Amino acid sequence: MSISALSTASQEAQKGLPISRSRAIQSQKPVSSIRFGGQVDTYASESRISDKVYQLFLKAPKNELHVHQGGSSSVEFLSYCLRKALEENNARTIVPFKDRLDALPVFKPDGKVEMVRFRTTYGLPISPDALRKAMDKVLTLENLRNYYRYQLQIDNQRDYMDTEDLAETTAHKRPGQEIISAVESAQMRAQRAQGLEAYRATSGKINPHVKNNPAAYLLANDYAKTLALENVRYSEYRVSPSGNGIGGATGSNIEDVLSAVDQGFRDATHQLRQRTLSFDYGLLVLFERQNRSKAEPTDAKVKRAVQLAKDVVRLKKEGKYNIVGVDLAGDEANNPVSDFKEAFDIIKAYNKTAKPENRLGITIHAGETTHSKSLKGYESIAEAIRIGLDENTPLRIGHGLQVVNSSKALRNAFETYRKFPNDWEKRIDKKALLQASPLLKKIIENGVVLEMCPKSNLQTYGIHPGFPDDQFSVSRAEYSSRAYSRHPAVFLSRLGVKVAISSDNRTISNTDVTNEFVKLFKYAGLTYNDFKTMVMNGFEGAFMANSSKKAAMLDSARKRFKKLEQSPTMLKAIEYMNGGKLDYRARLRLFRKNLLHQIGTYLNAVAEWFSNLWQRLFSRKSA
């Protein structure tokens with residue numbers, strides 16, 4: 001697609017449905033639900049009640065506060081951009097293997113790859129008929145899924161899918177994993193050393209495919225519609241206008257990128273309202289801790305962030321685009337938050353004089369890794385709070401995993417929670433815990449929301465089977481389930497921390513918000529009360545500055561939860577999630593519903609009997 005094709009892209013999007021159809025949308029489908037590109041993943045156990053639990057997660061209102069534009073384009077969307085580029089004979093914006101698109105791979109069942117050529121060796125297009133045949137051969141859903149997995153290295157040694165996904169790939173099927181392999185553990189520990197950077201590098205496999213603003217428009221439009229169909233009511237979308245994300249083609253500026261993204265969201269929300277689907281959004285402008293060039297000096301990084309901060313303030317004053325805040329992301333290990341204090345000071349200075357409804361929020365990736373230069377992971381979180389938080393500026397922390405390591409008492413409490421999940425709270429002293437961990441106390445008292453992304457945290461090795469320690473020994477087959485069980489989201493939430501769950505990068509992690517909650521339910525002890533609390537934390541922690549609009553969103557979410565809690569089917573799911581426990585009001589509602597249902601069934605049967613009797617008597621009289 002050329003840059004001038006933005007209006008054409010807008011017309012395509014006016015059709016109203018997302019390019020990527022959401023899985024289980026219509027749905028009373030069982031738990032084996034359609035995922036990205038039609039892939040099947042069994043989320044929970046095989047019992048029927050687990051199907052109800054999945055439906056509860058799917059039907060409940062949700063939000064997504066932590067999602068990156070660069071890693072959240074669906075396979076269908078990418079294939080759409082690819083097809084458009086080929087049809088228009090303009091492949092300059094797509095770079096699968098080299099600077100110009102010459103050929104694409106077709107993946108054979110035996111594992112071999114056939115390259116199907118689209119251009120001659122001289123760079124000239126092949127004949128239209130040959131091009132059509134080649135497109136029909138390559139652009140099948142199955143082949144494109146394999147292609148993008150290949151590009152993302154998903155089927156390579158680094159498995160960015162969890163064990164359930166890996167079971168689909170014959171290359172990963174190996175007999176007997178009962179004995180822990182010391183070799184595998186060593187391999188995974190070595191991968192962990194480069195975990196976050198390797199994960200971030202994966203987005204570079206996606207972004208070249210859509211490195212133009214029309215694609216940025218379409219992606220935002222498609223993303224919004226897909227989320228609305230999954231009952232995600234609100235999302236804050238991280239955009240990197242400095243060039244690392246989608247959009248931002250050569251020569252474009254921050255306004256070009258934000259204009260395309262914002263218009264995509266606006267058009268989508270308008271179309272969704274016409275379909276009575278509720279969705280709202282905010283844009284977070286991303287400060288990159290580093291450019292793709294690791295050799296970039298600190299001064300250059302800071303200068304870029306400061307200029308972005310000034311641009312954001314200017315655009316906010318002008319009322320352009322729905323910018324709600326800024327975020328600092330990237331290589332935390334080598335770029336501490338203190339380097340970017342000047343950029344955050346610009347945002348905080350603006351907030352002091354701005355009206356409450358026009359203020360900007362700050363969110364900072366911190367505590368995602370074990371250290372940030374000389375700082376330990378939990379010290380990085382403390383530094384982010386010191387720099388980002390004031391009375392006029394709402395603050396959230398991206399990930400914040402290392403808060404668990406802020407004191408020995410908190411680490412011990414986490415182990416107690418894991419060993420005694422049913423009565424761990426009776427075994428610890430919460431007041432003493434807060435005294436032992438000033439960081440935990442500060443997070444709770446200031447209402448700082450931690451944006452946690454379980455699957456991403458596993459893939460970057462921020463969470464692993466030995467967390468919060470550094471060491472672990474486990475086979476690759478057991479890695480996911482063991483690691484999920486060590487995720488601290490539920491533990492911290494029950495201590496009073498405002499935890500919100502997001503996907504981080506939907507495509508790279510092959511996940512969505514529903515799936516994130518399902519994993520926590522399966523492996524980390526999530527109950528319905530935990531689920532509801534985390535969802536409401538997300539809505540309350542949103543940087544939506546319009547107070548009346550935010551209040552309406554919160555009220556709508558509460559009403560939806562109340563409606564679900566009045567459904568007999570959903571009540572059974574809630575009871576199952578809570579370990580067979582329901583409060584007396586819920587039990588009374590369930591009893592009343594069941595009783596009324598039984599009475600109604602009985603009365604219908606009686607009415608039908610009398611109706612049949614009357615028809616027989618009437619027919620006899622007529623005879």
Side-chain angles (χ1 to χ4, degrees), residues 64-73 196-197 199-204 206-207 210-211 213 215-216 219-220 223 235-249 252-262 264-265 281-293 296 300-316 320-332 334-337 339-344 346-347 360-366 368 384 387-388 395-399 451 453 456 460 502-508 543:
E64 184 154 50
L65 300 183
H66 191 120
V67 62
H68 292 268
Q69 174 201 41
S72 297
S73 48
L196 179 58
E197 195 53 36
Y199 180 83
R200 289 186 70 248
T202 307
S203 65
I206 299 178
N207 295 349
V210 280
K211 195 68 175 173
N213 293 327
L219 174 56
Y223 169 81
S235 176
E236 288 182 2
Y237 193 69
R238 285 160 162 81
V239 182
S240 177
S242 61
N244 288 349
I246 291 172
S252 64
N253 57 38
I254 182 175
E255 291 202 50
D256 292 335
V257 179
L258 290 177
S259 175
V261 173
D262 191 65
F265 273 111
Y281 73 100
L283 301 181
L284 296 173
V285 175
L286 207 62
F287 299 163
E288 291 277 5
R289 278 181 157 111
Q290 69 186 67
N291 207 337
R292 291 302 175 200
S293 170
E296 186 182 32
K301 305 170 194 174
V302 174
K303 184 178 179 180
R304 187 174 64 247
V306 167
Q307 184 56 52
L308 272 176
K310 291 177 180 177
D311 288 339
V312 167
V313 168
R314 173 178 59 82
L315 293 172
K316 189 69 176 177
K320 286 186 174 181
Y321 322 123
N322 194 20
I323 303 171
V324 296
V326 296
D327 174 37
L328 177 66
D331 181 12
E332 180 187 359
N334 297 303
N335 299 274
V337 62
D339 288 352
F340 301 87
K341 183 177 184 298
E342 185 181 351
F344 290 121
I346 292 170
I347 302 298
L360 293 162
I362 291 175
T363 177
I364 300 172
H365 283 61
E368 185 179 10
I387 289 173
L395 174 72
R396 300 196 307 255
I397 296 295
H399 304 291
E451 312 158 351
C453 312
S456 165
T460 61
S502 295
S503 68
D504 201 358
N505 292 280
R506 292 164 66 90
T507 306
I508 294 174
F543 291 155

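Heavy atoms only: backbone and side chains are in, while hydrogens, waters and symmetry mates are out. Quick caveat, the model's predicted, so the values are computed rather than measured. Position 1 is the first residue of the sequence; numbering continues from there.
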Any residue meeting side-chain contact (heavy atoms from CB on, under 4.5 Å) with K303, in chain and number order, not counting sequence neighbours: none

Is a side-chain donor or acceptor of T363 paired with a backbone partner of D327 at a separation under 3.5 angstrom? no

Taking only residues two or more places apart in sequence or in another chain, which ones pass side chain to side chain donor-acceptor pair (under 3.5 Å) with N335? K301

List in chain and number order the residues that pass salt bridge (charged side-chain N to carboxylate O under 4.0 Å, His left out) with E451, two or more places apart in sequence or in another chain; answer none if no residue qualifies. R238, R396

Sidechain-backbone polar pair: H365 side chain, L328 backbone, donor-acceptor under 3.5 Å: yes

Heavy-atom closest pair, residues H68 and N505: CB-OD1, 3.3 Å

Does V302 offer a backbone N or O that forms a donor-acceptor pair with the side chain of E342 under 3.5 Å? no

Once side-chain contact (heavy atoms from CB on, under 4.5 Å) is applied, do any residues pair with A305, and if so which ones, sequence neighbours excluded? F287, F340, A343

Can you name the side chain to side chain donor-acceptor pair (under 3.5 Å) partners of K341, sequence neighbours left out? D345

Does D339 have any side chain to side chain donor-acceptor pair (under 3.5 Å) partners at least two apart in sequence or in another chain, and if so, which? none

When rounded to the nearest 0.5 angstrom, what distance separates OH in Y321 from CG in L315? 6.5 Å

E255 meets the salt bridge (charged side-chain N to carboxylate O under 4.0 Å, His left out) criterion, sequence neighbours left out, with R314, K320

Where does the angle between the aromatic ring planes of F265 and Y281 fall among parallel (under 30°), tilted (30 to 60°) and perpendicular (over 60°)? parallel

